[in-house]
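Heads up, the thing below is written out as structure tokens.
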Amino acid sequence: MNSEYIKLDEFLAIYKLKQSKNWYLRFRNNGQEFRKSLKTSDQLQATRKAYFIAEASNENVETEYLSKPSQTISTICRNVLKKLEKEINKIESENTKKNRNKDLLRYKRIYSELCENFSKTDIKNFDYTCLLVFYKSYEREISSTQLSYINLAIKYIFEFALTNRLINVIPPLPKIKVKSAETGTYFNKNDYEKIIRHFKSKELKKGIATENRFLLEKVFRFITETGVRTGEEVTNIQYQDIKIESINERNYWTLKIKGGKRAEKDNVKRTIVISEEAMKIVKEIIDYKFENDSEIKSDNYYIKHLKDKKDIYLFKRKNGVTPDFSTLFSKFRKEISDELKEKDIVLYSCRHTFITNKLKKGANRNIIAKHCGTSIEMIERHYDHIISIMTPDELLDQSYKIDENIYLKSLNNDEAVIIDEINLDDIERLENLIES
């Protein structure tokens, strides 16, 4: 309880506690109340200090009594990570929670690197110059995706500081050049056929391993046929997302994509047309899950089945569990890598293969981008080496012609290679030959 309390005006007072010899300030400004020791036992001096502080506050002049609390970068990083962890724990979807935890690991690595040089730096002194030093260490060393994560991590720091009144403004983020984009590995027709052959050749006992291998083969083919992303875009597909729609007086099988990073980040749900081969895969899964006989069934049968069982997930096991398809495929690839031309293919290579094949066939880039849930800029940036040789007629005279049997000489030796026929599937082989 206060032993003495002196009101100086409506929002200003000084008071002394029983257990203290010094006077304290009580001041309210813009809805915020301050209580600070004035560090003096003299009432007159305390009164003068109180009036000075009130005037300084009204003029927005920072004093030692009303200065904003300070926090170091390391402290704020820890607080941000705790906040993100609490938000993740509230998420009900296990797949979403798993992806958010992966993001959290990225932020932890970024904050660890940030604190190597700025751990003790006060957030008020962490300005554009500090940011520039940090960002320049990544110049041409990281991808555009990695840069996006760094920007988000730094943004979280400043948002925390701004919300807690540690700073007044957020400095601009520096812009740096990222490393040259590289197209993900894609596979040719021969590798594709070898992979499918190995999927079907290995006999496993009944159980989870058998079901995982069955679904993995379907996922592999399905992504190659549709170009959907691995992860939640494919694992969130339910029977109700597959329908027949009439487009330009023709019926097509369509698929609604409602999972994945675009759906979560931008709330974008796209509908794509899928091929007969992709629909054949869907039918194979339905027949497997419900142990249907091998009798050929009409589309009406599957339409009714998809409608009646609308909540079932296409690529979950019968017990409702979603396998980790990327990990399963990596293990499977190791079994047959010696037979493959591309040794480093991953499940995401199926999507790259879809885009590459469509570009080779001359499909409109805008349509490919819309179908795959990406941008034309991304297509042009990652696949420009393919685009540049896919439209030779636009650069060459119509009379341009090469004999059916031609000889190409390697730049490194004089061995001749006979090419009986030139087609789009040979382009990758020709590129490798010229570069070798």
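For this chain, numbers begin at 1 and follow the sequence in order.
Considering only heavy atoms from C-beta on, Y348 stays 4.5 Å or farther from I223 through its side chain. Under the 4.5 Å side-chain criterion, counting only non-hydrogen atoms from C-beta, E380 is in contact with I376. Here the side chains of N164 and I76 are not in contact, with every heavy-atom distance at 4.5 Å or above. Counting only heavy atoms from C-beta outward, the side chains of L114 and I154 approach each other to under 4.5 Å. Looking at heavy atoms from C-beta onward, W253 lies out of side-chain contact with V273 at the 4.5 angstrom threshold. Considering only heavy atoms from C-beta on, F222 comes within 4.5 Å of F315 through its side chain. Y239 has its side chain within reach of H305: a pair of non-hydrogen atoms, C-beta onward, lies under 4.5 Å apart. No side-chain heavy atom of L306 sits under 4.5 Å from any side-chain heavy atom of Q240.
A side-chain donor from one of Y135 and N151 sits under 3.5 Å from a side-chain acceptor of the other.
Atom CG of N319 is separated from atom CD1 of I208 by 6.0 Å, given to the nearest 0.5 angstrom. In this structure, S275 OG and I281 CD1 are separated by 7.0 Å, a value rounded to the nearest 0.5 Å. Rounding to the nearest 0.5 Å places OG1 of T254 at 9.0 Å from CD1 of I272. Between R213 atom CZ and K200 atom NZ the span is 13.5 Å, to the nearest 0.5 Å. Put simply, CZ on F160 and CG on L81 are 11.0 Å apart, with the number rounded to the nearest 0.5 Å. Between the CD1 atom of I303 and the CD1 atom of I242 there is a distance of 11.5 Å, given to the nearest 0.5 Å.
The cationic atom of R106 (NZ for Lys, CZ for Arg) lies less than 6.0 Å from the six-membered ring centre of Y149 and within 45° of the ring axis. Judged by the 6.0 Å and 45° rule, K108 forms no cation-pi pair with Y111. A cation-pi contact links K318 to Y288, judged by a cut-off of 6.0 Å to the six-membered ring centre and 45° from its axis.
Residue E225 comes nearest to A278 through the heavy atom pair CB-CB, 4.1 Å, listed as atom of the first residue, atom of the second, then distance. In this structure, R317 and N212 approach most closely via the heavy-atom pair NH1-OD1, 3.0 Å. Annotation for H352 and Y186: closest pair C-CB, 4.0 Å, computed over non-hydrogen atoms. In this structure, P172 and L131 approach most closely via the heavy-atom pair O-CD1, 3.8 Å. In plain terms, the two heavy atoms of C77 and C115 that are nearest each other are SG-SG, 4.1 Å. Residues R381 and S144 approach most closely at NH2-OG, 4.2 Å, considering heavy atoms.
Checking side-chain atoms of S20 against main-chain N and O of L17 turns up no donor-acceptor pair under 3.5 Å. Checking side-chain atoms of R351 against main-chain N and O of G227 turns up a donor-acceptor pair under 3.5 Å. Side chain of K36 to backbone of L25: no donor-acceptor contact under 3.5 angstrom is found. With hydrogens and angles ignored, the 3.5 Å screen pairs a side-chain donor or acceptor of K289 with a backbone N or O of L314. The main-chain N or O of Q238 is found under 3.5 Å from a side-chain atom of D241 such that the two form a donor-acceptor pair. A distance-only check finds no donor-acceptor pair linking the side chain of T96 to the backbone of E92 [under 3.5 Å]. Of the possible donor and acceptor atoms, one in the side chain of R270 sits under 3.5 Å from a partner among the backbone N and O of H371. No donor-acceptor pair under 3.5 Å is formed between the side chain of N125 and the backbone N or O of T121. Side-chain N or O atoms of D191 include one that pairs as donor or acceptor with a backbone N or O of K341 at under 3.5 Å. At least one donor-acceptor pair closer than 3.5 Å links the side chain of T353 to the backbone N or O of F187.
Around atom NZ of K343, more than 12 heavy atoms belonging to other residues, nucleotides or ligands sit under 6.0 Å away. Within 6.0 Å of NZ in K97 there are more than 12 heavy atoms belonging to other residues, nucleotides or ligands.
The pair K283-D287 does not count as a salt bridge, with every side-chain nitrogen at least 4.0 angstrom from each carboxylate oxygen. In this structure, K136 pairs ionically with E139, as a charged nitrogen and a carboxylate oxygen lie closer than 4.0 Å. Contact check on E87 versus K83 returns a salt bridge, with a Lys/Arg side-chain nitrogen under 4.0 Å from an Asp/Glu carboxylate oxygen.
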Check your understanding: Should L152 and Y107 be marked as a side chain to side chain contact (heavy atoms under 4.5 Å, CB included) after you check the CA-CA gap, both sets of side-chain angles, and the distance that decides it?
Key -> CA-CA 9 Å; L152 273 175; Y107 297 138; 3.5 Å; yes
Practice item. With side chain to side chain contact (heavy atoms under 4.5 Å, CB included) as the test, would you mind laying out the steps for Y313 and T235 before giving the verdict? Key: CA-CA 7 Å; Y313 286 86; T235 58; over 6 Å; no
**Study point:** Step-by-step side chain to side chain contact (heavy atoms under 4.5 Å, CB included) determination, N101 to I88
**Key:** CA-CA 7 Å; N101 277 317; I88 291 172; 3.7 Å; yes
Check your understanding: How far apart are the C-alpha atoms of D122 and Q71, what are their side-chain angles, what is the distance that settles it, and do they pass the side chain to side chain contact (heavy atoms under 4.5 Å, CB included) test?
Key -> CA-CA 6 Å; D122 191 287; Q71 280 194 21; 5.9 Å; no
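Counting only residues at least two apart or on different chains, no salt bridge (charged side-chain N to carboxylate O under 4.0 Å, His left out) pair has a member in residues 243-257.
Each of E339, E217, E193 was scored for a side-chain hydrogen bond (donor to acceptor under 3.5 Å, both in side chains) with H198, with one residue passing: E339.
Residues passing the ring pair (Phe, Tyr, Trp, His ring centres under 6.0 Å) test with Y24, sequence neighbours excluded: Y15. Under the rule for a ring pair (Phe, Tyr, Trp, His ring centres under 6.0 Å), the partners of F134 that lie at least two apart in sequence or sit in another chain are Y138. In this view, Y192 and F220 satisfy the ring pair (Phe, Tyr, Trp, His ring centres under 6.0 Å) rule, not counting sequence neighbours. Listed by chain and residue number, nothing satisfies the side-chain hydrogen bond (donor to acceptor under 3.5 Å, both in side chains) test with K175 (two or more places apart in sequence, or in another chain).
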Name the atoms and distances for all side-chain donor-acceptor pairs under 3.5 Å in residues 325-338, with sequence neighbours left out.
residue : atom : partner : partner atom : Å
T327    : OG1  : D324    : OD1          : 3.4
T327    : OG1  : D324    : OD2          : 2.8
S330    : OG   : S326    : O            : 3.1
R333    : NH1  : I345    : O            : 2.8

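Centroid-to-centroid, the aromatic rings of F118 and F126 come within less than 6.0 Å.
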